[in-house]
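Only one structure is covered here, and it is reproduced in the block below.
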Amino acid sequence: MGLDMYLEGHKYHSTSGGKQRPTCSDGHEIKSTTLDLGYWRKHPNLHGYIVNTYADGKDECQQILLNADQLEDIACAIELDRLPHTEGFFFGKSEWHEEEKTKNAATFRKASEWLKGQDVWCDVIYQASW
């Protein structure tokens with residue numbers, strides 16, 4: 001057990017305007033595609049920032065929808081050391097080196113750019129479990 005944190009992108013395939021959805025190898029239509037945009041294990045301070053800033057402090061392992069500006073804000077918070085000290089029974093201790101901080105900020109920036117660059121309905125969801 002522990003704090004597992006997921007950042008997922010969802011790309012929805014529409015049939016509007018006469019478009020056809022892509023199909024998988026068995027011929028079934030693909031309604032949406034889920035992308036793995038990021039994963040962290042036991043980074044309570046990052047989790048605390050996201051929950052406190054974008055879920056009004058409600059921490060029930062719910063999905064938290066994030067827009068491109070919010071993803072960029074999280075990247076900045078990481079870089080500027082604005083993540084709050086956060087504790088939880090299964091959370092563990094958050095100890096990050098400069099190299100990981102840069103990588104984590106880049107993950108959120110890349111997700112923001114992906115979201116901005118889409119011409120179809122997409123979203124980015126953060127969700128944790130413990």
Side-chain angles (χ1 to χ4, degrees):
M1 292 189 118
L3 177 63
D4 291 296
M5 305 157 56
Y6 305 91
L7 191 66
E8 289 186 343
H10 302 107
K11 187 173 189 174
Y12 300 93
H13 305 287
S14 172
T15 57
S16 67
K19 292 182 188 173
Q20 294 224 329
R21 287 184 175 145
T23 56
C24 54
S25 60
D26 62 8
H28 287 90
E29 287 187 353
I30 300 171
K31 182 178 178 180
S32 65
T33 305
T34 300
L35 300 119
D36 179 6
L37 301 176
Y39 170 78
W40 299 266
R41 173 107 174 118
K42 294 188 178 183
H43 192 336
N45 297 349
L46 176 58
H47 175 72
Y49 184 82
I50 294 169
V51 167
N52 290 331
T53 307
Y54 299 110
D56 296 323
K58 182 180 174 185
D59 190 0
E60 297 177 351
C61 294
Q62 74 276 22
Q63 293 185 343
I64 301 171
L65 182 66
L66 298 169
N67 66 36
D69 291 337
Q70 292 167 331
L71 292 163
E72 180 63 33
D73 173 68
I74 295 166
C76 289
I78 293 167
E79 292 171 334
L80 299 173
D81 296 317
R82 292 186 314 171
L83 303 182
H85 178 75
T86 305
E87 294 181 358
F89 185 72
F90 297 114
F91 287 10
K93 206 164 127 179
S94 191
E95 297 177 1
W96 291 90
H97 302 285
E98 203 64 29
E99 174 185 310
E100 291 167 328
K101 185 167 82 169
T102 300
K103 180 183 173 190
N104 290 328
T107 297
F108 283 94
R109 278 220 172 79
K110 188 175 178 182
S112 175
E113 291 303 316
W114 174 80
L115 195 56
K116 287 184 215 176
Q118 298 303 310
D119 61 352
V120 296
W121 183 36
C122 296
D123 64 30
V124 173
I125 301 287
Y126 167 79
Q127 187 168 19
S129 70
W130 55 83

Give the minimum heavy-atom separation between Ala105 and Ala75, together with the two atoms involved. O-CB, 3.5 Å
Provide the closest heavy-atom pair for Ile30 versus Thr33 in the form atom of the first, atom of the second, distance. CG2-OG1, 4.1 Å
Salt bridge (charged side-chain N to carboxylate O under 4.0 Å, His left out) contacts touching residues 72-86 (sequence neighbours left out): Glu72-Arg109, Asp73-Arg82, Glu79-Arg109, Asp81-Lys101
Look at the side-chain heavy atoms of Ile, Leu, Val, Met, Phe, Trp and Tyr, link any pair under 4.5 Å apart, and say whether Tyr6 and Val51 land in one connected group. no
Looking at every heavy atom in both Cys24 and Asp26, which two are closest together, and how far apart are they? SG-OD1, 2.7 Å
The reported gap from CZ in Arg41 to CG in Asp4 (rounded to nearest 0.5 angstrom) is 4.5 Å
Report the distance from atom OG1 of Thr34 to atom CD of Glu8, rounding to the nearest 0.5 Å. 5.5 Å
Please check this pair: side chain of Ser112 against backbone of Ala68, looking for a donor-acceptor N/O pair closer than 3.5 Å. yes
List for me each residue that meets side-chain contact (heavy atoms from CB on, under 4.5 Å) alongside Ala128, sequence neighbours excluded, and say none if there are none. Leu3, Met5, His47, Tyr126
Roughly how far, to the nearest 0.5 Å, is the CG atom of Leu37 from the OG1 atom of Thr107? 9.0 Å
Which residue pairs pass the salt bridge (charged side-chain N to carboxylate O under 4.0 Å, His left out) test with at least one member in residues 115-127, sequence neighbours excluded? Glu113-Lys116
Can you hop from Tyr49 to Leu65 via hydrophobic side chains spaced under 4.5 Å? no
Taking the side chain as C-beta and beyond, is there a heavy-atom pair between His13 and Val120 under 4.5 Å? no
Group every Ile, Leu, Val, Met, Phe, Trp and Tyr by side-chain heavy-atom contacts under 4.5 Å, then state whether Leu35 and Val124 land in the same group. yes
To the nearest 0.5 Å, atom OG1 of Thr86 lies from atom CG of Asn52 at 6.0 Å
Rounded to the nearest 0.5 Å, the SG atom of Cys122 sits from the NE2 atom of His10 at a distance of 10.5 Å
Minimal non-hydrogen separation, Cys61 against Ser129, with atom names: SG-CA, 3.7 Å
Over all atoms of both residues, closest heavy-atom pair of Leu115 and Leu71: CD2-CD1, 4.2 Å
Hey, is the main chain of Lys58 close enough, under 3.5 Å, to the side chain of Asp56 for a donor-acceptor pair? no
Are Leu66 and Trp121 joined in one hydrophobic group, where the rule is that I, L, V, M, F, W and Y side chains link up if heavy atoms are under 4.5 Å apart? no
Rounded at 0.5 Å granularity, tell me how far CG in Leu7 sits from CD1 in Ile125. 9.5 Å
